[in-house]
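Before any comments, here is the structure.
Whatever order the structure lists ligands and atoms in, that order sets their numbers, starting from 1. In this text the structure is predicted, and so the values were computed from the model without any measurement.
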Amino acid sequence: MRISRCGQRLCVFLVSLILAACGGSSGSSRSPSSQSSVISSSSSSVSSSSSSSSSISSSSSSSASSTNPVTSIVPISVSGNQILFDGQPGSIAGPSLFWSNNGWGGEKFYTEEVVTWVKQDWNAGLIRASMGVEDQGGYIQFPADNKAKVKRVVEAAIANDLYVIIDWHSHRAENNLQAAIDFFTDMAQTYGEYDHVIYEIYNEPLNPEAMGKSTSAEAWSQVVKPYAEAVIAAIRAVDPDNLIIVGSPTWSQDVDVAASNPISGYDNIAYTLHFYAGTHRQYLRDKARAALDKGVALFVTEWGGVEASGDGQVDVGETLLWMDFMREHNLSHANWALNDKSEGASALKPGASPLGNWTDSDLTASGLLVKDIIKNW
Ligand code: MG
């Protein structure tokens, strides 16, 4: 059976059965924010969902995205807590590439062929280029290599009519502010005229303690927000309009804190929300709703169905609750990660081709579910 041809809810039920049979893998490195997780049963994944089939037109309470599927590249703007596509509410979905760092393994998928494949076979609306910064093999150590990888993906996305997120994939971006300013100035000069391009200027700030702050409000106002304002000013000096996405403390979970003291003076600013469904549940949806209620726009530039470590089994039921939440609020999203590392979050099995052309047998349990979600978004 081809998973992409059945209804999403049926598909995820079947995937959940596969997951139950296969289990997860070990050895992870996504982030230091791992917490314990409880795996939901397949029955809860079915009963907890309110929508009945796979297409965007059938999804639940918010009519905006269901009546405005984004089918071409148009200018993105922000109005209140909504991200608009050519002036209309909507949302897009696609995969995130893994860290670009030299020698980490995920960089081999930064190819034109992969971008073309996820557009054609996954019906992806976006792809995220996650340029590692301060860690070994990243942009600070190898700027030309890492920039070249990002540019290859951006140019392939433009050629294939995909939106593309240029992600400064950092946990300590404030330590390299000038490098970020120089990099994004270059990206804005090169690509700012293309509606495809989205700037994500700080992937995941750490928790307040790691920044020497006692509260998230302090970490935001004294560390992350000043960094963001400086990078935004540099981008806006070149590119007046493309969407800029800002991180928040606690691995981009404290969107409610940022929303209480938002960046002002610039148009088309949104805040990234990151979740891992095996760890982050209703409490984080409540924080997201609080941020929306305060009037800021959100974009889920990174999510996983597994635990926050990037490993473990896919929590199908909780993932579907998140999908319903994102449809309800027109939240666009990118799944972590399009990579073949042996860990739960990887969409690809070890050894998958860096040229695309994957069959379903090349996809992991997470990859099968994610492809189905993206294809039917
Ligand atoms: Mg522009």
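- The atom of Asp239 that is an N, O or S and sits closest to the Mg ion (ligand 1) is OD1.
- The residues Arg152 and Glu107 are annotated as not salt-bridged, no charged nitrogen and carboxylate oxygen being separated by less than 4.0 angstrom.
- A donor-acceptor contact closer than 3.5 angstrom links the side chains of Arg128 and Asn203.
- Looking at Asp241 and the Mg ion (ligand 1) together, the shortest N, O or S contact belongs to OD1.
- Residue side and main chain included, Tyr194 places no N/O/S atom under 2.8 Å of the Mg ion (ligand 1).
- Between Asp256 and Lys294 there is no salt bridge, since no side-chain N of the basic residue sits under 4.0 Å from a carboxylate O of the acidic one.
- None of the N, O or S atoms belonging to Val197 lies under 2.8 Å away from the Mg ion (ligand 1).
- The one candidate from Trp104, Trp336, Tyr139 that meets the ring-ring contact (aromatic ring centres under 6.0 Å, His included) condition with His169 is Trp336.
- Metal site remark for the Mg ion (ligand 1): Asp195 contributes no N, O or S atom at a distance under 2.8 Å.
- Between the Asp324 side chain and the Leu321 main chain, no donor and acceptor come within less than 3.5 Å of each other.
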